[in-house]
Amino acid sequence: MISIFGNVIYYDDKKISEYCSVILGQQSLKVKEYEILSDKSTKLDLKFIGGDLKGSKKYTAEFQESLLYNCDNFEKSLNGRDDFFDFTTKEFDIQTIGRGNIIKFNGYMFVPQEFDITQTIQRFKPFLMDSISSEIVNETEKQVFKTFFESTDTKIPIILELDDALMCSKLISPNMLIEYEDLEEFEELEITIVARVTSTSLVGKNKPFYDPLKDFMKLNRSLRRSIDERTEGLYEIYTDQDYKTIEVLAIYQ
């Protein structure tokens with residue numbers, strides 16, 4: 001049950017809309033506004049616009065979207081499905097849950113310390129753009145900087161704990177409803193996560209779950225291979241134990 005006074009931290013509107021469409025067997029329709037017509041014989045009690053509608057008039061109303069309401073509806077549509085596992089109401093073994101299933105669980109999350117420097121680069125991107133020397137002549141360097149500065153959908157690495165298991169994911173920046181700096185406030189608070197499992201089995205700890213050059217700077221494989229040496233803040237990020245990868249759909253507290 002979602003608290004009516006909850007706080008949505010992250011919401012992937014595109015993915016949730018897609019999954020709802022598949023579950024319900026119909027296209028998702030988003031109504032931004034609609035017209036209300038009334039005549040002298042009609043009286044409509046519409047508290048959300050401040051009173052009754054009387055007389056022959058036309059009104060335009062706009063929906064005020066509620067992400068908590070959307071989360072609640074999405075979870076209700078999942079209840080009873082064989083591919084949905086709610087850890088908040090029943091115990092399951094996460095290691096036996098395969099790729100493509102939806103899970104819901106309560107836990108804690110944190111951003112690896114190694115990511116802080118790359119986030120600083122993101123904040124100072126405009127300043128760096130103005131400071132780049134016109135003497136850069138290497139074509140690879142030019143392409144790296146161009147790709148980096150044009151990227152807007154950077155991914156933020158997070159690690160979540162579910163019982164004794166480790167869950168790794170990447171939050172897509174435009175889906176975040178709080179500032180990056182505010183994520184730290186939630187590290188000591190229990191949150192609810194709804195996510196899609198993306199790994200078939202446990203991933204070995206010797207395999208990185210986040211690559212700043214790929215996930216943050218958005219460099220393709222060719223450009224990544226052309227970089228001879230990485231600097232601090234651009235090293236791949238590992239965990240200290242085997243883990244599952246998940247695609248976070250929503251986070252609320």
Side-chain angles (χ1 to χ4, degrees), residues 9-10 12 15 83-85 87 91-122 140-141 143-145 147-148 151 153-173 175-176 180 183-184 186-251:
I9 303 169
Y10 182 90
D12 192 330
K15 286 295 176 66
D83 51 7
F84 176 56
F85 299 86
F87 285 81
E91 290 187 3
F92 299 99
D93 183 0
I94 185 61
Q95 297 189 31
T96 64
I97 298 177
R99 179 185 176 92
N101 291 290
I102 304 294
I103 60 175
K104 174 185 175 182
F105 63 97
N106 296 327
Y108 298 85
M109 73 171 177
F110 64 91
V111 178
Q113 279 190 324
E114 298 92 326
F115 184 72
D116 288 346
I117 292 180
T118 54
Q119 185 62 28
T120 300
I121 296 175
Q122 170 76 358
T140 298
E141 289 178 327
Q143 186 61 39
V144 167
F145 278 110
T147 302
F148 172 60
S151 64
D153 58 341
T154 55
K155 298 177 181 179
I156 298 171
I158 61 168
I159 296 176
L160 305 115
E161 297 178 354
L162 171 55
D163 298 328
D164 295 328
L166 215 58
M167 319 291 285
C168 295
S169 189
K170 305 167 188 176
L171 300 184
I172 302 174
S173 296
N175 295 334
M176 290 184 58
Y180 168 79
L183 277 176
E184 186 177 350
F186 292 90
E187 291 186 358
E188 297 181 359
L189 298 175
E190 187 176 60
I191 55 175
T192 300
I193 302 97
V194 180
R196 175 177 174 269
V197 178
T198 55
S199 59
T200 305
S201 57
L202 284 177
V203 180
K205 62 181 180 180
N206 60 328
K207 182 177 181 179
F209 80 92
Y210 187 86
D211 182 351
L213 295 183
K214 175 185 177 183
D215 300 313
F216 182 76
M217 298 184 73
K218 295 295 181 181
L219 304 187
N220 58 40
R221 181 178 298 181
S222 177
L223 283 174
R224 296 199 303 272
R225 288 179 174 176
S226 67
I227 296 178
D228 298 327
E229 186 176 351
R230 300 195 184 205
T231 59
E232 185 179 0
L234 296 180
Y235 296 117
E236 295 172 319
I237 299 178
Y238 296 80
T239 61
D240 57 3
Q241 68 180 71
D242 296 346
Y243 59 91
K244 276 269 194 178
T245 59
I246 57 175
E247 173 189 51
V248 174
L249 301 176
I251 301 175

About how many Å separate [atom2] of [Y] and [atom1] of [X], when rounded to the nearest 0.5 Å?
{"X": "Ile103", "Y": "Ile193", "atom1": "CD1", "atom2": "CD1", "value": "8.5 Å"}
{"X": "Glu190", "Y": "Thr192", "atom1": "CD", "atom2": "OG1", "value": "6.5 Å"}
{"X": "Lys244", "Y": "Cys168", "atom1": "NZ", "atom2": "SG", "value": "12.0 Å"}
{"X": "Phe87", "Y": "Asn106", "atom1": "CZ", "atom2": "CG", "value": "11.5 Å"}
{"X": "Ile246", "Y": "Asn101", "atom1": "CD1", "atom2": "CG", "value": "13.0 Å"}
{"X": "Tyr210", "Y": "Thr239", "atom1": "OH", "atom2": "OG1", "value": "15.5 Å"}

Answer whether the closest heavy-atom distance between the side chains of [X] and [Y] falls below 4.5 Å.
{"X": "Ile251", "Y": "Met109", "result": "yes"}
{"X": "Ser199", "Y": "Phe209", "result": "no"}
{"X": "Lys155", "Y": "Phe115", "result": "no"}
{"X": "Met167", "Y": "Ile94", "result": "yes"}
{"X": "Phe85", "Y": "Val197", "result": "no"}
{"X": "Val248", "Y": "Asp12", "result": "no"}

Do you know the tightest heavy-atom contact between [X] and [Y]?
{"X": "Arg196", "Y": "Gly100", "result": "NE-CA, 3.9 Å"}
{"X": "Tyr108", "Y": "Glu188", "result": "CE2-O, 3.7 Å"}
{"X": "Lys205", "Y": "Tyr243", "result": "CA-CE2, 4.5 Å"}

Atom pairs and distances, donor-acceptor, side-chain atoms in residues 156-166, under 3.5 Å, two or more places apart:
none

Should the heavy atoms of other residues, nucleotides or ligands under 6.0 Å from NZ of Lys214 be counted, would the total exceed 12?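 Counting neighbours around NZ of Lys214, 12 or fewer heavy atoms of other residues, nucleotides or ligands fall under 6.0 Å, so no.
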Give a yes or no on whether the backbone of Arg99 and the side-chain of Thr200 come within a donor-acceptor separation of less than 3.5 Å.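 No, because the side chain of Thr200 does not come within donor-acceptor range (under 3.5 Å) of the backbone of Arg99.
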Verdict with supporting geometry, Ile172 and Tyr10, side chain to side chain contact (heavy atoms under 4.5 Å, CB included): CA-CA 9 Å; Ile172 302 174; Tyr10 182 90; 3.7 Å; yes
